[in-house]
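Read through the structure below, which is laid out as structure tokens, and then see the notes.
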Amino acid sequence: MSEAEASSGMAHNAGPDEKTLQVLRDMANRLRIRSIRATNSSTTSYLIPCSNAEIMSVLFFYTMRYKQEDPENPDNDRCILSKGLPFVNVATGWPGQGLGAACGMAYTGKYFDQASYRVFCLLGDEESTEGSVWEAFAFASYYNLDNLMAIFDVNRIGHSSSMSVEHCIAIYQKRCEAFGWNTYVVDGRDVKTLCHVFSQAAQVRGKPTAVVAKTFKARGMPNVEDAESWYGRPMPKERADAIVKLIESQIQTNKILVPSPPIEDSPQINIMNICMTSPPVYVADDKVSTQRACGLALAKLGHENDRVIVLGCDTKNCNFSDIFKKEHPERFIQCCIAEQNMVNVALGCSTRDRTIVFAYSFAAFFTRAFDQIRLGAISQININLIGCHCGVSTGDDNPYHMALEDLAMFRAIPNCVVFYPSDAVSTEHAVYLAANTKEMCFIRTSQAETAIIYTTQETFQIGQAKVVRHSDNDKVIVIGAGVTLHEALVAAAELSKEDISIRVIDLFTIKPLDIATIISNAKATGGRIITVEDHYPEGGIGGAVCAAVSMEPNIVVHNLAVMDVPRSGRCNEALDFSGISSRHIIVAVKCILMT
């Protein structure tokens with residue numbers, strides 16, 4: 001809908017009276033004044049654009065329904081923008097993640113909560129160049145998220161220069177409409193039109209709404225409005241004070257509008273303390289990949305709590321998330337090949353503790369979404385990410401699909417728990433522990449079918465390693481996880497034939513690391529440690545163990561890791577070629593004993 005059509009349509013909807021409109025204009029100007037003062041008190045010299053003040057005024061004080069005294073109320077409308085405020089659950093900044101998170105909130109509201117709350121997302125015209133924005137546009141259209149509104153603040157000017165399309169708002173309109181969105185074009189300074197369009201959008205069914213608002217950066221600031229190159233430049237205090245006085249002179253009322261209360265129809269839910277009501281069902285002779293065990297565990301978890309959801313990127317046939325989809329189809333969200341948007345949607349679904357979210361993909365592809373993962377950590381949102389096809393043990397797949405950097409990536413995320421289970425039993429426990437952990441979690445799984453190590457009665461805790469083989473005569477510790485733990489056990493059996501005893505430790509979680517178990521066992525075995533990992537040496541298990549024992553005297557760590565770009569091949573061949581097979585462990589043990 002064009003700007004003229006939006007304005008003419010107001011004859012059918014009277015909207016707010018003139019007094020209310022003036023209050024909204026005055027509140028917009030108060031927002032400008034606070035923005036200027038906040039900027040002047042900051043050391044960043046970031047000039048807050050003030051282009052969206054009318055949009056924010058109408059949105060927060062006329063359109064949205066929420067309880068100011070209870071910002072986390074599940075019935076409140078949601079809003080995503082660049083600042084970390086009580087009503088803003090995901091502090092996105094400007095790189096384009098916000099709309100994907102808004103999609104997750106809207107999907108949860110429409111399909112899981114089936115509630116009346118709506119979701120609003122403000123986007124700058126510059127961040128609309130990010131590909132993840134259009135991944136989100138496709139997602140919202142496909143799932144008919146008619147409870148979602150995206151508002152483009154088209155103020156023409158970027159951080160260092162004007163945008164390539166400048167104020168050609170018809171281009172934004174065509175883009176939005178091409179993705180199947182109901183679209184309005186408005187003057188972003190006209191509060192009356194904004195009130196009408198926001199109200200009209202609430203009546204649209206079957207598709208999301210985009211509002212393309214033509215605005216002007218630094219609106220209300222003489223000689224600064226719509227001028228380039230003010231980003232990062234400090235404004236002299238005298239000039240800022242003069243602008244504040246000018247804006248104050250335009251304020252005509254002292255009234256403050258109170259938002260309407262929300263419709264209280266969100267269901268009461270409980271996502272706390274999910275128990276494993278029955279133990280794992282594996283037996284000693286089973287050989288199961290941790291990827292398959294993870295899919296089975298998710299399906300089982302889905303029966304324990306109906307707020308468990310799984311997101312996938314068109315890899316369900318490869319990573320066994322299809323098992324969950326078959327048993328809980330209404331709680332599986334297909335995000336297609338769009339990992340950045342999948343993580344953003346997962347963040348949105350998880351806000352306000354409405355769901356227990358697992359997002360599943362090839363671990364290598366999470367590198368595409370590292371910025372979104374960082375955002376989740378910054379916003380302190382709990383999501384569980386499952387990475388499959390980890391390491392060279394993936395075998396015949398292309399090296400592009402082999403994750404060899406993922407441990408380094410997730411170890412660097414603050415407050416992220418990194419699970420690396422070694423068999424089906426420990427994998428099932430990792431899934432349940434992740435579901436009950438209010439921090440971001442990453443579960444690393446492998447494609448190779450491996451033996452069952454643990455009994456079904458074994459218990460697991462975050463940060464607690466397992467000593468899976470030991471004797472009083474052990475001379476070396478070999479620390480592994482996943483497939484390399486099995487290689488270590490094979491090596492231990494072979495070495496025992498030569499009367500060489502080694503102790504084998506399964507870390508289970510790489511972060512937090514069980515430092516006490518590592519150090520106490522190292523001291524009991526002469527201070528000799530060998531780590532072996534299906535990962536590059538940088539940022540992996542070896543680095544974690546070295547850091548853990550760095551202050552301990554007389555402990556030596558030797559690291560076996562994938563040292564070069566891998567080749568495709570059978571699992572055993574790939575492990576041997578990469579220097580992390582049982583044969584290489586045996587050689588390393590003998591070498592360290594000779595030093």
Side-chain angles (χ1 to χ4, degrees), residues 284-287 290 391-393 420-423 425-426 446 448-455 458 465-508 510 513-535 537 540-546 548-549 552 554-563 569-595:
D285 293 334
D286 287 342
K287 295 195 74 173
T290 54
V392 300
S393 59
Y420 194 177
S422 297
D423 77 341
V425 173
S426 58
S446 304
E449 293 185 345
T450 49
I452 303 300
I453 297 173
Y454 299 104
T455 70
E458 190 78 32
K466 298 285 186 180
V467 180
V468 295
R469 180 177 178 128
H470 66 92
S471 74
D472 294 337
N473 300 318
D474 294 337
K475 300 295 190 293
V476 181
I477 294 175
V478 177
I479 298 175
V483 293
T484 64
L485 182 72
H486 296 268
E487 294 297 312
L489 290 171
V490 171
E494 290 298 316
L495 287 166
S496 68
K497 298 174 183 178
E498 303 178 41
D499 291 326
I500 300 173
S501 297
I502 66 172
R503 190 164 300 186
V504 180
I505 293 179
D506 177 11
L507 290 178
F508 184 60
I510 313 303
L513 197 66
D514 189 350
I515 298 173
T517 294
I518 293 171
I519 292 176
S520 64
N521 282 274
K523 291 179 177 179
T525 53
R528 305 178 191 93
I529 298 176
I530 296 173
T531 63
V532 54
E533 57 189 305
D534 195 359
H535 189 275
I541 292 172
V545 172
C546 283
V549 303
E552 295 293 326
N554 303 317
I555 293 180
V556 177
V557 180
H558 180 72
N559 184 27
L560 299 180
V562 181
M563 304 303 294
R570 299 291 177 88
C571 175
N572 291 339
E573 296 171 349
L575 292 172
D576 197 56
F577 173 80
S578 299
I580 56 174
S581 66
S582 59
R583 180 172 70 88
H584 290 87
I585 296 172
I586 291 170
V587 171
V589 169
K590 292 179 177 180
C591 287
I592 201 171
L593 287 174
M594 293 174 62
T595 58

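Residue numbers run from 1 in the order of the sequence given.
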Testing the basics here: between Val483 and Ala448, what is the closest heavy-atom pair and its distance to 0.1 Å? CG1-CB, 3.9 Å
Could you walk me through whether Lys466 and Glu458 satisfy the side chain to side chain contact (heavy atoms under 4.5 Å, CB included) test, starting with their C-alpha distance in whole Å, then the side-chain angles of each, then the deciding distance to 0.1 Å, before giving a yes or no? CA-CA 10 Å; Lys466 298 285 186 180; Glu458 190 78 32; 2.8 Å; yes
Would you check if the side chain of Asp423 reaches a backbone N or O of Ile452 as a donor-acceptor pair within less than 3.5 Å? no
Decide yes or no for Ile530 and Ile477: does some side-chain heavy atom of the first lie under 4.5 Å from some side-chain heavy atom of the second? no
Nearest heavy-atom neighbours spanning Ile510 and Leu507: CD1-CD1, 3.8 Å
Applied to residues 476-508, the ring-ring contact (aromatic ring centres under 6.0 Å, His included) test, sequence neighbours excluded, yields Phe419-Phe508, Phe460-Phe508
Is there a donor-acceptor pair closer than 3.5 Å between any side-chain N or O of Thr517 and the backbone N or O of Asp514? no
What I'd like to find out is whether the side chain of Val476 reaches to under 4.5 Å of the side chain of Thr525, using heavy atoms alone. no
Ser422 versus Thr450: any side-chain heavy-atom pair under 4.5 Å? no
Verify salt bridge (Lys or Arg N to Asp or Glu O under 4.0 Å) between Glu498 and Lys590, making sure each step is shown before the conclusion. CA-CA 11 Å; Glu498 303 178 41; Lys590 292 179 177 180; 3.0 Å; yes
So salt bridge (charged side-chain N to carboxylate O under 4.0 Å, His left out) across residues 474-485, not counting sequence neighbours, yields Asp474-Arg503
Are any non-hydrogen side-chain atoms of Asn521 and Ile529 less than 4.5 angstrom apart? no
What I'd like to find out is whether the side chain of Val425 reaches to under 4.5 Å of the side chain of Ile453, using heavy atoms alone. no
Return the minimal non-hydrogen interatomic distance between Ile519 and Ala548, and the atom names on each side. CD1-O, 3.9 Å
Report yes or no: do Asn473 and Ser501 form a side-chain donor-acceptor pair below 3.5 Å? no
Taking salt bridge (charged side-chain N to carboxylate O under 4.0 Å, His left out) as the test, write out the residues that go with Lys523, two or more places apart. Glu552
Taking the side chain as C-beta and beyond, is there a heavy-atom pair between Ser582 and Glu494 under 4.5 Å? no
In short, Ala488 meets Val478 closest at the heavy-atom pair CB-CG1, 3.6 Å
Please walk me through it: do Val532 and Ile479 pass side chain to side chain contact (heavy atoms under 4.5 Å, CB included)? CA-CA 6 Å; Val532 54; Ile479 298 175; over 6 Å; no
Could you pull out the closest heavy-atom pair between Glu533 and Ile580, with the gap in Å? O-CG2, 3.5 Å
If I compare all heavy atoms of Leu485 with all of Ile505, which pair ends up nearest, and what's the gap? CD1-O, 3.7 Å
Donor on one side chain, acceptor on other, Tyr454 and Asp506, under 3.5 Å: yes
Would you sort out whether Val589 and Ile585 count as a side chain to side chain contact (heavy atoms under 4.5 Å, CB included), showing the intermediate values? CA-CA 6 Å; Val589 169; Ile585 296 172; 4.3 Å; yes
